[in-house]
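Here's the structure we're looking at; comments come further down.
Atoms within a ligand are numbered from 1 in the order they appear, just like the ligands themselves.
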Amino acid sequence: MTAQLNPCGDVAVLVPAAGAGVRLGPGRPKALRLLGGEPLLVHAVRRLAAAPSVHTIVVAAPAAEVAAVRDLLAPVAPVTVVPGGAERQASVAAALAAVPAGPQIVLVHDAARALTPPDLVESVAAAVRAGHDAVIPVLPVVDTIKEVDADEVVLGTVDRSALRAVQTPQGFRRAVLTAAHAAAGDPLTDDAGLVEKQGVPVSCVPGSEYALKVTRPFDLALAEHLLATGA
Ligand code: CTP
Ligand code: MG
């Protein structure tokens, strides 16, 4: 059944989904790889559409797959699909340009984080609504972290207690994200990084293990298990 988005919602979600998935190995673009028989992107969009604050979803798809992605998502939720770019940052910028007037909170969410719970979407949006200009979901780093030189010789041990692993959705006051993208230089791997460069404080909220990014084959196997056990 097609989900309805909330016409009174204040959140637009941009979904960069235009990557190739090189680290996952040969095959279709990653967002179209199957998890439990459905593309990663379908899982991601379904969970976004289940978040009550979401008014608009804009997907940046691989340029050659725009029509296919529109057909794929039509039964899932009303979404806008635009062609993505060569770098994630360009894909986000393309999606941002397609957001209609209205929503004043913009979230950016990787299609590859297919099992992200709607509750996490809501908690990031709520933190922006409460007055934070930029919000990221984070988890503590569990492994000991070493800094190494070019020969893989250890230079030192980093204080783990001050480190966080960063997930998506990342949330922003719309004007803040628009200004950060307008000023963007070299591509970065996340949007909060652009906002940091503008000197805007970025706040953290607790992330979720279920928001793991499917990057390598092991992650896909883990996601299959999580889906099969109720995620
Ligand atoms: N992405 C995008 N446009 C790009 C590159 C990445 O929209 N030009 C998206 C991916 O589709 C993914 C998210 O950004 O949902 C996070 O990127 P990543 O996990 O690196 O995905 P890929 O770039 O597809 O994977 P890889 O780096 O292994 O090729
Ligand atoms: Mg990539």
Minimum-distance protein heavy atom relative to [atom]:
{"atom": "atom 6 (C) of ligand 1", "value": "Gly19 CA, 3.6 Å"}
{"atom": "atom 3 (N) of ligand 1", "value": "Ser91 OG, 2.7 Å"}
{"atom": "atom 24 (O) of ligand 1", "value": "Gly21 N, 2.9 Å"}

Distance filter under 4.0 Å to [X] heavy atoms, resulting ligand 1 atoms:
{"X": "Ala20", "result": "24 (O)"}
{"X": "Ala86", "result": "8 (N)"}
{"X": "Ala112", "result": "15 (O)"}

Indicate yes or no: at least one non-hydrogen side-chain atom of [X] is less than 4.5 angstrom from one of [Y].
{"X": "Gln89", "Y": "Leu188", "result": "yes"}
{"X": "Leu222", "Y": "Leu212", "result": "yes"}
{"X": "Thr189", "Y": "Arg88", "result": "no"}

Quiz item: Got a sec: does the CD of Glu38 have more than 12 other heavy atoms crowding it under 6.0 Å?
Solution: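 Yes.
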
Quiz item: Salt bridge check: are Asp110 and Lys213 linked by an N-O gap of less than 4.0 Å?
Solution: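 No, Asp110 and Lys213 are not salt-bridged.
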
Practice problem: Examine the proximity of ligand 1 to Lys213 and report which part, side chain or backbone, both or neither, has a heavy atom under 4.0 Å away. | Solution: side chain

Quiz item: Taking heavy atoms and a distance under 4.0 Å, where does Ala18 meet ligand 1: side chain, backbone, both or neither?
Solution: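 Both the backbone and the side chain of Ala18 come within reach of ligand 1.
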
Practice problem: Could you say whether the N/O atoms of Ala60 and ligand 1 ever approach to under 3.5 Å? | Solution: no

Quiz item: Between Ala111 and ligand 1, does any nitrogen or oxygen pair lie at a separation below 3.5 Å?
Solution: yes

Exercise. Answer yes or no: is there a donor N or O on one side and an acceptor on the other, between the side chain of Asp143 and the main chain of Ile145, under 3.5 Å?
Key: no

Quiz item: Do we see a donor-acceptor contact under 3.5 Å between the side chains of Gln167 and Ser208?
Solution: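 The criterion, which ignores hydrogens and geometry beyond distance, is not satisfied for Ser208 and Gln167.
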
Exercise. Would you check, one step at a time, whether the test side chain to side chain donor-acceptor pair (under 3.5 Å) holds for Arg70 with Thr80?
Key: CA-CA 8 Å; Arg70 278 195 190 114; Thr80 301; over 6 Å; no

Self-check item: Proximity winner for atom 20 (O) of ligand 1, if only heavy atoms of Arg88, His109, Arg23 are counted
Solution: Arg23

Quiz item: Does atom 28 (O) of ligand 1 have a protein non-hydrogen atom under 4.0 Å from it?
Solution: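 Under 4.0 Å from atom 28 (O) of ligand 1, at least one protein heavy atom found.
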
